[in-house]
Amino acid sequence: MISSKKIKNQNILQIIAIVSGIIAINVLAQFYFGRFDLTTEKRFSVSPATEEIITNLDDYIYIKVYLEGDLPPNFKRLRNSTQELLDEFRAYNKNVLYEFINPSENENKNERFDFYKELAKEGLAYYNVPVETKDGFAQKTVFPSMSISYKSKVLPVNLLVSSKKVPTDDDLNNSVQNVELNLVNAIRMLSQEQIPTVVFTTGHGELDSYSSGDIAYELSQSYDVGQITLDSKLSSLMRRVTVDSTTTVMIPSYDMIIIAQPTKAFNTKELFLIDQYIMHGGKVVWALDMVQAEMDSLRYATSTLGMPIDLNLNELLFKYGVRIQSNLVLNRNAMEIGTAEGTLKPWHFFPLAIPVKGHLITENLNAVSTRFANSIDTVGKGDYKRTVLLKTDKQSRIMPAPALIDLVDIIYRGPNPALYNQPSQTLALLIEGKFTSIFKNRMIDPRIMANKELFDIEYESPNTSQLILSDGDIIKNQVMQTADGLVPYPLGYDRYSKKMYDNRKFALNAINYMLGDKALIKLRNKQYKIRILNHEKITNERLKWQMINTVLPIVIILLMGLIISIFKFQKYAKIKK
C-alpha cells in the first residue's frame, strides 16, 4: 500500500523535474537554433540560398509592409504568409526588423488619400478591391506592397503583380508562392555593391518597348535594365577602365546584351563589336527569326509566304558552334488559334517548345509557346558545352523557306501525317565555355588595326555563355489596347486561347543562370500546394463544421475532466482503505 506522504513527495519531485527540464530547454535554445517544418512542401522552411543571404546582412534592414487592416480573405492570406516569412528571417538574423502599417487607418478622408498618393509615388502598387458589406459592395484600397531600407538604399517591393484592375484568385495564389522570391530578390539587390546590367539592343528593328515590356520589367526586379543603340562606335558595348597608374583595360560595359528579334542586317563593324564583347567575357541572348512570317497576312487571305531574312549573322553564329536554319518547324503539339467558326484548333506553325529535363533552367518548367520557329543545328567543335533546353515534340515537319503558310491545309483540310517524319527539333540552345573570334586570322578594318592597341583586340574569350533562341516570340509578349494606351500582357499569356505558357519563367531562369544567380532559379522553382476552400461545401455544410469547431472541443474537454475525476476517485479510495 502506498502512503499519502510518499505520493506527495513523488508529485513534488515530478514538478521539480518538469520545471528544471523547461529551464534547461530554454537555456539551450539561447545557444542552438532549430525549427521543425512538418508541412509536405516545406512551406515554412527557407532555402539554403535565402538563409545565406539573410545571415550575411551586417546591418539593420527595416521593412514596412502596408498590407494591414480589415483585408479581404485572399489578401489576408498573402499578409499572413509575408509575416510568417519575416518571422523566419528574424530567426536567422535579428537585424531584420519589420512592421505592418495600415494605410487606411486615418479616418480623415483627405489625409488618407494624400497618404495613398505618397505611397504610389514611392512605387508601391495598390488595388481597389470590391468587398461585401452589410449594405452591399464597397471599394477598398489595398496596398499589397512593402518598402525595404538597408543602409542608405530604399527599394519598393510589390508583393502582388496582376495585369487586371481586380486581381484574381490565381494572381493572389501565385503571389503567395512568390513571397520568398520577391523578398530575397529585393534584399539581394540592396545588399549588392554592384547590380548586373542587362540591355536590349536597338537599331536593327528589334522588339519595341511594349513587346518586350513584360520581360524587361521582370528583369528590372533583379538587374539594372536598359536599351543600347548598337552602331559602329566602339564605345557601344565596351569601355576602358584603369587598373593601376600604368595599366588600363577594355571591359564590357554591360553584363549581358539581348538581341531580340532583329529584322535588319548587321554590318561588319557591328559584328566586330559583338564579337569583341563576347571575347572580353560579355554574355549574349540571341532571340532570332530567320524567316519573316506574320499572322496579320492571313486576316484577308487564306495563305501567305514565309520569306527568309538575311541578318548577316550566319557566319558569326557558325563560328560559335550553331546554325539557325531558314525554315519553319511544324508540329501537331501546337498552340491553338481561333477559326472563322469561332472554335480553337491547333496551328502547327506555332509548335510548343517542350523543356528538356536535366538542367536547372528547365526544372519544373512547363511548355513554352513559339510562333513560326526555326530549327537549330550544332556545328563544329570547340572549348564549350552545348545544352539543348527546348525542343519540339516528336514527329515534326520541316518547311524550307520560302514556305507556304496555308490555313486551309492545316486547319480545314487537315495535314498529311506522312509529312511529319522528322524527329524533335531544337528551339533553344545554351552554349557555355570559351569561344574563338570569327576575326581570328582574318582581315579587320584597317582603321581598327591601325589603333589596335587602343581596342585590346582579343581572339579567345574567357569562360562566358550565349543563349540561342530560334524564335524571337519566345521573349515577346502580346499587348492590349486600353484607354490609357498599350499595356503588355504577361509574357507567355495567349489572349486568344486564354492559356498561360512558361515563357516568362524560362527566360528568367536562363538569364539568372547565365548571370550566376542560381539561387533565384531555385526559389522560383519552389512549389507550394495552395489549399483553396471549397465555397460550395462551406455553404452546404456550414452548421456541421461550426458544431465540430465549437461544440466538439468543449465535449472532449468535459469527457477528459470526467475521466480524470473517476481515475482520481478510484486512486484515493484505495489509499484510504
Side-chain angles (χ1 to χ4, degrees), residues 35 37-51 53-54 63 65-67 71-89 98 100 125 127 129 142-146 148 156-164 166-189 214-215 217-219 221-222 355 360-368 489-493 499-513 517-534:
R35 303 183 76 179
D37 186 355
L38 302 179
T39 58
T40 305
E41 65 273 22
K42 299 301 178 185
R43 178 184 296 273
F44 305 108
S45 299
V46 298
S47 67
T50 297
E51 182 181 340
I53 291 172
I54 298 302
I63 302 170
V65 187
Y66 293 95
L67 193 59
L71 302 170
N74 284 340
F75 284 92
K76 190 170 292 185
R77 189 170 74 251
L78 178 60
R79 180 239 180 255
N80 293 340
S81 296
T82 304
Q83 183 172 9
E84 288 164 1
L85 185 63
L86 291 173
D87 287 336
E88 187 80 10
F89 286 179
Y98 72 86
F100 280 79
Y127 296 88
V129 182
V142 180
F143 278 82
S145 310
M146 63 175 67
I148 305 179
V157 178
N158 295 318
L159 296 169
L160 172 63
V161 177
S162 174
S163 59
K164 301 176 178 62
V166 179
T168 64
D169 287 346
D170 286 340
D171 292 331
L172 284 154
N173 291 337
N174 291 333
S175 298
V176 170
Q177 293 189 38
N178 291 326
V179 168
E180 183 179 351
L181 174 62
N182 291 333
L183 263 171
V184 171
N185 192 28
I187 294 172
R188 168 187 152 276
M189 288 186 70
D214 186 74
I215 187 61
Y217 171 79
E218 292 296 328
L219 289 173
Q221 304 304 298
S222 305
L360 181 62
I361 292 174
T362 56
E363 185 179 336
N364 294 331
L365 196 69
N366 296 317
V368 172
Y489 278 106
L491 178 60
Y493 178 75
K499 291 182 180 179
M500 185 72 186
Y501 298 95
D502 258 357
N503 296 53
R504 178 198 282 176
K505 186 176 178 181
F506 167 73
L508 292 175
N509 281 0
I511 292 171
N512 290 157
Y513 178 87
D517 294 319
K518 297 179 182 179
L520 294 181
I521 304 176
K522 293 176 180 177
L523 286 175
R524 193 176 295 113
N525 290 340
K526 191 173 181 180
Q527 294 184 327
Y528 298 104
K529 184 177 180 181
I530 304 297
R531 296 168 176 84
I532 302 173
L533 294 176
N534 187 323

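Position 1 is the first residue of the sequence; numbering continues from there. Predicted model only: the values in this text are computed from it and were never measured.
Counting all heavy atoms, side chain and backbone alike, Val129 lies closest to Pro72 at CG1-CG, 4.3 Å. Contact detail for Ile215 and Ala507: the closest heavy-atom pair is CD1-CB, 3.7 Å. Nearest approach of Val176 to Ser81, heavy atoms of both residues: CG1-OG, 3.5 Å. Of all the heavy atoms in Pro355 and Leu365, the pair that sits closest is CG-O, 3.4 Å. The heavy-atom pair separating Glu218 from Leu508 by the smallest distance is CB-CD2, 3.8 Å. Minimum interatomic distance between Asn182 and Leu159 (heavy atoms only, all atoms of both residues): ND2-O, 3.9 Å.
Note that CG of Leu491 and CG of Asp214 are 5.5 Å apart. Values are rounded to the nearest 0.5 Å. In this structure, Arg524 CZ and Glu180 CD are separated by 12.5 Å, a value rounded to the nearest 0.5 Å. Remark: Thr82 OG1 to Asp87 CG distance equals 11.0 Å, nearest 0.5 Å. To the nearest 0.5 Å, the span separating CG on Leu85 from CG on Leu183 amounts to 5.5 Å. In this structure, Asp171 CG and Asn74 CG are separated by 10.5 Å, a value rounded to the nearest 0.5 Å. Residue Met500 holds its CE atom at 8.5 Å from CG of Asn174, rounded to the nearest 0.5 Å.
No side-chain heavy atom of Thr50 sits less than 4.5 Å from a side-chain heavy atom of Glu88. You'll find the side chain of Lys518 reaches within 4.5 Å of the side chain of Leu360, heavy atoms only. Using a 4.5 Å heavy-atom threshold, the side chains of Ser222 and Arg188 count as touching. Residues Phe100 and Val65 are in side-chain contact: their nearest non-hydrogen atoms beyond the backbone lie under 4.5 Å apart. Within the 4.5 Å cutoff, the side chain of Pro144 has heavy atoms near those of the Phe75 side chain. Residues Asn512 and Ile361 have side chains not in contact (no heavy-atom distance under 4.5 Å, counting atoms from C-beta outward). Considering only heavy atoms from C-beta on, Ile187 comes within 4.5 Å of Phe89 through its side chain. Taking 4.5 Å as the limit, every side-chain heavy atom of Val368 sits out of range of all side-chain heavy atoms of Lys505.
Listed for the Asn185 side chain is a donor-acceptor partner under 3.5 Å among the backbone atoms of Gln221. Formation of a donor-acceptor pair under 3.5 Å by the Asn364 side chain with backbone atoms of Asn525 is found in this model.
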Verdict with supporting geometry, Arg504 and Tyr493, side chain to side chain contact (heavy atoms under 4.5 Å, CB included): CA-CA 9 Å; Arg504 178 198 282 176; Tyr493 178 75; over 6 Å; no

Worked verdict on Leu78 versus Val179 for side chain to side chain contact (heavy atoms under 4.5 Å, CB included): CA-CA 8 Å; Leu78 178 60; Val179 168; 3.7 Å; yes

